[in-house]
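Below: one structure, written as structure tokens.
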Amino acid sequence: MEHLRWRTSVNEREFIETALQSDLRVDGRHSFDFRKLRISFGREDGSSEVQLGETHVLGYVTAQLVQPYRDRPNEGTLAIFTEFSPMADPAFEPGRPGESAIELGRVIDRGLRESRAVDMESLCVVAGKHVWSVRVDLHILDNGGNLIDAANIAALAALSTFRRPECTVGGDDGQQVIVHDPEVRDPLPLTIHHMPIAVTFAYFGEGNIVVVDPTYKEEAVMGGRMTATINSNGDICAIQKAGGEGVMSSVVMQCLRIASVKAADITSKIKKAVDSYTTEKALKKVKRLPATLPQKINVTDVTMEDKVDDELETQTVKTPSDVQEISKGDEDHRNIKGNPLLTGDRIAKHKQTSTFSGGPSNW
């Protein structure tokens, strides 16, 4: 990839190469250490945001019904598109994609499509007439080096959270496609068999020094680059060698072994982030029933004393003798109107008897 923003001087080049010979890098990492990886998702399904060190990539997945290719009538399509914004690097020009954007898109597309990571047959609706065409847009927001690995992770994370609308076939001829609204039927996820992870290596000093995940400055100094796309099972999905620096076969095999370990680690991070996002979204969809509203009951204010509590407990079961006592209390209650000189305790006692919910007190 072309780098026009920062041109290294002789001293800077010698400093980087001398440090690499001592297994030291400018950012403090060792030769086979990745930068800090952060994966986040947007509000909508199929959108992801990946930060690999200072590299920032945004991925977004969409789908639409199209007519399939004639040679593959039962398979959908998958396309990768990249956009290099001048905001990410002054070397990127708006308009038609340059060589760097085309190379990035082809490397990621080869790793995903050629390895059959996404089940294309599951995207078929009507053979020969209607299939789903999945489009992955990758936007480079900040170029901090190693765009291939960051864009590949963004594409996989976006594909893992994407949901396509469910559709059925009906009509008089049985060929009419009905696309259901997400509120009517839940959208369906893509069938992903495995995750091909791209791991990029940079070569220095005639191929004798190898580092993984090169930064922007290291890419400007490196003599060559190799990207190995491997899944967590150790299967090699694709290899791309760029640059004029030759590399021995023993070094390539060493890089493949390292890439296999890194691919398993990155795959676990992607799955963990996707599971966290799916769980959080499922909790938001849970319909919580409203709590039962308490009924307002107008009850006359009662001034109660502690010694009255025992009397109320004994009134849970009424006997005939209790009924007579309560009836006698009602007669006293009728005499309250004619006797305003009753004490506060006696008024409270009559109120408490008349408002009791046992039954006979309301006669």
Identify, with sequence neighbours excluded, every residue that meets ring-ring contact (aromatic ring centres under 6.0 Å, His included) alongside F204.
-> none
Return the set of residues passing ring-ring contact (aromatic ring centres under 6.0 Å, His included) with F41 (not counting sequence neighbours), or none when no residue passes.
-> Y277
Between [X] and [Y], which heavy-atom pair has the shortest distance, and what is it?
X	Y	answer
V131	P73	CG1-O, 4.1 Å
S260	I230	N-CD1, 4.1 Å
E166	D186	OE1-O, 3.7 Å

Through direct or indirect side-chain contacts below 4.5 angstrom among Ile, Leu, Val, Met, Phe, Trp and Tyr, which residues connect to [X]?
X	answer
V10	none
I102	none
M87	L58, L141

From the options R164, R163, K281, select the one residue that forms a side chain to side chain donor-acceptor pair (under 3.5 Å) with D45.
-> K281
Give a yes or no on this: more than 12 heavy atoms of other residues, nucleotides or ligands lie within 6.0 Å of atom NZ of K271.
-> no
Can a salt bridge be assigned to the pair R72 and E121 using a cut-off of 4.0 Å between side-chain N and carboxylate O?
-> no
Do any side-chain atoms of residues 18-37 form donor-acceptor pairs under 3.5 angstrom with protein atoms, and if so which ones, sequence neighbours left out?
| from | atom 1 | to | atom 2 | distance (Å) |
| --- | --- | --- | --- | --- |
| T18 | OG1 | E14 | O | 2.6 |
| D23 | OD1 | S31 | N | 3.2 |
| D23 | OD1 | S31 | OG | 2.6 |
| R25 | NE | E218 | OE2 | 3.0 |
| R25 | NH1 | H30 | O | 3.1 |
| R25 | NH1 | S31 | O | 3.3 |
| R25 | NH1 | V212 | O | 2.9 |
| R25 | NH2 | V212 | O | 3.0 |
| R25 | NH2 | D213 | O | 3.1 |
| R25 | NH2 | E218 | OE1 | 2.7 |
| D27 | OD1 | R29 | N | 3.4 |
| D27 | OD1 | R29 | NE | 3.4 |
| D27 | OD2 | R29 | NE | 2.7 |
| D27 | OD2 | R29 | NH2 | 3.1 |
| R29 | NH1 | D33 | O | 2.7 |
| R29 | NH1 | D213 | O | 3.3 |
| R29 | NH1 | D213 | OD2 | 3.2 |
| R29 | NH2 | D213 | O | 3.0 |
| D33 | OD2 | H30 | N | 3.2 |
| R35 | NE | D213 | OD1 | 3.4 |
| R35 | NE | D213 | OD2 | 3.0 |
| R35 | NH1 | G144 | O | 3.0 |
| R35 | NH2 | G145 | O | 3.0 |
| R35 | NH2 | D213 | OD1 | 3.0 |

I would like to know whether E103 and R225 meet salt bridge (charged side-chain N to carboxylate O under 4.0 Å, His left out); could you show each step before the answer?
-> CA-CA 13 Å; E103 180 186 9; R225 184 188 70 246; 2.7 Å; yes
Is the backbone N or O of G234 less than 3.5 Å from a side-chain atom of N231, with the two atoms forming a donor-acceptor pair by type?
-> yes
